[in-house]
Amino acid sequence: MIQFKNIGVSFDGKTVFKDFNMHIRKGEKILLNAPSGKGKSTLFKLLLGFNKPDKGEIILDGKNLEKNNIMYFRKNIAYVSQDVDLRNDKVWDLILEIFSYKSNRHIKITKDKVLNILRYFNFSEDIMEKKVSQLSGGERQRLGLVICIFMDRDIWLLDEVTSGLDKEMKEKVVDYVLKQDKTVLIISHDRVWNKSNLVRIKEW
Ligand SMILES: Nc1ncnc2c1ncn2[C@@H]1O[C@H](COP(=O)(O)OP(=O)(O)OP(=O)(O)O)[C@@H](O)[C@H]1O
């Protein structure tokens with residue numbers, strides 16, 4: 001489904017990837033395990049077309065990532081970044097706005113549906129009326145994940161989504177993610193992801 005083929009990436013003369021290869025099948029859950037600075041986040045940015053490799057190919061559903069089909073890649077991907085950068089609106093207004101965008105408009109959200117998932121992630125109802133700036137780091141991460149869930153895209157890129165959470169919530173997030181019929185790439189230093197044999201570990 002996704003393929004990184006002979007990828008080479010350098011920044012300012014420093015090589016991050018020389019000849020990187022990875023093949024991801026539909027529905028796989030993959031934990032990217034490499035030391036800091038080895039290019040984990042860069043892989044996400046490559047797949048989204050935010051960075052361009054110096055050499056190699058990035059393929060999704062048989063399509064080579066090129067300028068003219070970047071939107072195909074992006075439409076299939078939901079990305080939760082490390083420092084979830086959400087607009088400082090009230091949570092419910094923010095959600096309404098995100099789902100009014102052209103690429104998400106086909107998704108029918110209701111306050112009840114959103115509340116159900118928010119409750120699963122231990123939010124109370126008053127979250128809807130809070131502004132994003134009033135949320136803690138961990139709450140923002142969970143909110144980012146909830147938005148990703150509602151986007152209902154085939155591929156999820158999760159960058160440190162469990163780092164600010166307590167043990168019980170980490171396990172809840174992992175449980176939820178692993179049950180989904182989605183292809184998920186995970187960057188995390190949390191051991192909770194390694195416990196399941198549903199997770200393939202890609203090390204370099
Ligand atoms: N746009 C950029 N310009 C210059 N250097 C960059 C750029 N993006 C990434 N780098 C460098 O590339 C290397 C890989 O960065 P990346 O963020 O992908 O690593 P990582 O494995 O995700 O690290 P961490 O685990 O610390 O988040 C780092 O040395 C980083 O400084």
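First listed ligand is number 1; within each ligand, the first listed atom is number 1.
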Using a plain distance cutoff, I'd like to know if [X] has any nitrogen or oxygen under 3.5 Å from a nitrogen or oxygen of ligand 1.
X: Thr42; value: yes
X: Lys38; value: yes
X: Lys14; value: yes

- [ ] Tell me, yes or no, whether the heavy-atom count around Arg87 atom CZ, taken from other residues, nucleotides or ligands under 6.0 Å, exceeds 12.
- [x] no
Task: Residue Lys40 vicinity, atoms of ligand 1 by number, heavy atom under 4.0 Å - done: 18 (O), 19 (O), 20 (P), 21 (O), 22 (O), 23 (O), 24 (P), 25 (O)
Open item on the list: Can you name the atoms of ligand 1, numbered from 1 with element, that are less than 4.0 Å from a heavy atom of Gly39?
Closed with: 14 (C), 16 (P), 18 (O), 19 (O), 20 (P), 21 (O)
Open item on the list: In terms of relative ring orientation, are Tyr79 and Phe50 parallel, tilted or perpendicular, with 30° and 60° separating the classes?
Closed with: tilted
- [ ] Could you label the plane-to-plane angle of the Trp204 and Phe17 rings as parallel, tilted or perpendicular, counting under 30° as parallel and over 60° as perpendicular?
- [x] tilted
TODO: May I ask whether Ile95 and Ile149 are part of the same hydrophobic cluster, defined by side-chain heavy atoms of I, L, V, M, F, W, Y residues being less than 4.5 angstrom apart, directly or through others?
DONE: yes
Write out the residue and atom name of the closest protein heavy atom to [atom], then the distance separating them to 0.1 Å.
atom: atom 9 (C) of ligand 1; value: Phe11 CE1, 3.4 Å
atom: atom 23 (O) of ligand 1; value: Gly37 N, 3.0 Å
atom: atom 24 (P) of ligand 1; value: Ser36 OG, 3.8 Å
atom: atom 17 (O) of ligand 1; value: Ser41 CB, 3.7 Å

Is it true that [Y] and [X] share a donor-acceptor pair across their side chains at a distance under 3.5 Å?
X: Thr110; Y: Asp112; value: no
X: Asn122; Y: Lys172; value: yes
X: Ser133; Y: Asn88; value: yes

Open item on the list: Within the protein, is there a heavy atom lying under 4.0 Å from atom 29 (O) of ligand 1?
Closed with: yes
TODO: Select one of side chain, backbone, both or neither to describe which atoms of Pro35 lie under 4.0 Å from any atom of ligand 1, heavy atoms only.
DONE: backbone
- [ ] Evaluate the side chain to side chain donor-acceptor pair (under 3.5 Å) criterion for residues Asp190 and Thr162: first the C-alpha distance (whole Å), next the side-chain angles of each, then the deciding distance (0.1 Å), finally the verdict.
- [x] CA-CA 7 Å; Asp190 271 327; Thr162 47; 2.6 Å; yes
